[in-house]
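Keep in mind the model is a prediction, meaning the values are calculated, not measured. Here is how names work: the chains are called A, B, and so on, in the same order as the sequence lines, proteins then strands, and each is numbered from 1. Computation of the quantities below employed the complete heavy-atom set of this structure, encompassing side-chain atoms and omitting hydrogens, waters and symmetry-equivalent molecules.
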Amino acid sequence: MKIQAVKGTRDFYPPQMAVRNFIVDGWKAASKRCGFVQYDGPIFEYLQMYQVKSGDEIVEQLFNFEDRGGRRLAIRPEITPTLARMVNQQISSLPRPIKWFSVPRLCRAERPQKGRLREFFQWNIDVIGVEDVLADAEVIYCCLDYLRSLRLTSADITARISSRRLLAAVLMNIGIAEERLASIYPILDKKPKIPAEAFEEMLNKEIDSAATVQTIIRLMNVHAVEEIGRIVELNDAARQAMQEVSRLFALLTLMGVGEYCRFDMGIVRGLAYYTGIVFEVHDAVGELRAICGGGRYDNLLSDFGGPHMTATGMGMGDCVLEILLREKGLLKDDTLPIQRLDYFVAYADAGLFDRAVQVTAALREKGFSCDFSYKPAALGKQLKQADALGAAKCIIAGQELTAEGKLVVRDMSSGTQESIPAAQLLK
RNA sequence: GUGGAUGUAGCUCAGUUGGUUAGAGCACUAGAUUGUGGUUCUAGGGGUCGCGGGUUCGAGUCCCGUCUUCCACCCCA
């Protein structure tokens, strides 16, 4: 019986694994550069943990199951609830600020499509306990620092940044009741994905005043903070939120990533729990789904039974990123060596097999990666194998070894070789 | 969950109006090469043509179902 891989999953053969490691290693390096430390949690949690934030409809999009003790569990679709749970458990003993990152493997029971699979990896970074917009700047910077390290330029990608606080202040100022905001955000978030007429129609259903709807439409097209004042009156809350946004952009400019960043009132994020700065990084053309998204969430820890604690963070999946890197020619499988040996030990005569094994073991003991042929093939064959394995150098045990105690060291890229006393090489 | 496209060797694909024993390139293995790799040449292994049913004397080819993959929708933490 032939069994195939489950829908929406990937097999990572060595070449694909090299790609995955390339991405994940970059994530880890960028996190460490920016002072984040790594954490991880279990790959399954109580199902209830994911219902707290998102309600019952989320259950259909989770892989959930019951264990033998009757516990309702789910494979993690995100790691933020786990982060909240872990931080809550040790909140009083953790040094601040809490700057943690993770590269969890996540699963969502959705139908796969371009840039979205049912199992994937997601880089998460979070700063917990820092009220200052500096924390948002650090998160956005770290994310851009990584993308920049892949040689993506501001012509390739854009960080679109807005503020839930600013949006709420402005909307409330033009007559939207606070309790209506939660139902309006998801509509605003859809704007780039639907026709203008459909967007207007959805707003009209939710909002009675046609004039208010027109004002919102104008606001959604704002790409500079100063323009907001020309569309609506500003109250203190709005001015304060604007100052915060301005400071964020000033910080990002100081950090040297200002050219990647644009203010965009249209960035809302569908999720209800965002409370401050929100952002997404998109490809400049805008043909792919978001490369990453994040923002400030001030209520999450308390939602999970902890104290009130401000936090900001972001998540970046591996699928869209890989598509973008391939489109930009920044990721080619053949440039990622799946195995790179320091040495390959060949033996010219079957009688030298034992010596070859000893030499191999000695080189390994010294910390070199080293391999040898398991059967006494012709020397040409062994060199071919050395080449296939990507060996930098090939050591040949031949008559020089028996006659003068010397090993031949062949440089595989140049083809030059020299005889070196075995004792010296293995010293 | 809805719709469209798709499926032939490990990979990329050919396969005539339905007709004998299903092909190529690449990859893999072995040999040409008994002390020197990347090139070349030769040979070999590998397919119940996604799976199941139907039509037919006969199905890779036509019909139905199903699964997979891809694309879009719903959703997007």
Exercise. Does B:U2 have a Watson-Crick or wobble partner in any strand here, with both distances under 3.5 angstrom, and which is it?
Worked result: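 Paired with B:U2, as far as the under-3.5 Å criterion goes, is B:A72.
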
Problem set entry | is_close_aromatic(A:Y374, A:F372), centroid dist under 6.0 Å | yes

For this session: Answer yes or no: is there a side-chain heavy-atom contact under 4.5 Å between A:Y39 and A:I98?
Result: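 No, side chains not in contact.
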
Problem set entry | Minimum side-chain heavy-atom gap A:M316-A:Y146 below 4.5 Å | yes

State whether the distance check finds a donor on one side and an acceptor on the other, under 3.5 Å, for side chain [X] versus base [N].
X      : N     : answer
A:E110 : B:G1  : no
A:R116 : B:C75 : yes
A:R410 : B:G37 : yes

Problem set entry | A:R85 bridged to A:E45 by N-O distance under 4.0 Å |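 Salt bridge: yes.
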
What's [X] touching, base or sugar-phosphate or nothing? Going by heavy atoms closer than 4.0 Å.
X      : value
A:G415 : base
A:G294 : nothing
A:G398 : base

Exercise. When the distance from NZ of A:K384 to P of B:A32 is rounded to whole Å, what number comes out?
Worked result: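 Whole-Å distance recorded here is 12 Å.
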
Exercise. Does B:G37 have OP1 or OP2 sitting under 4.0 Å from an N or O in the side chain of A:K393?
Worked result: no

For this session: Respond yes when some side-chain nitrogen or oxygen of A:K381 is under 4.0 Å from OP1 or OP2 of B:U34, and no when none is.
Result: no

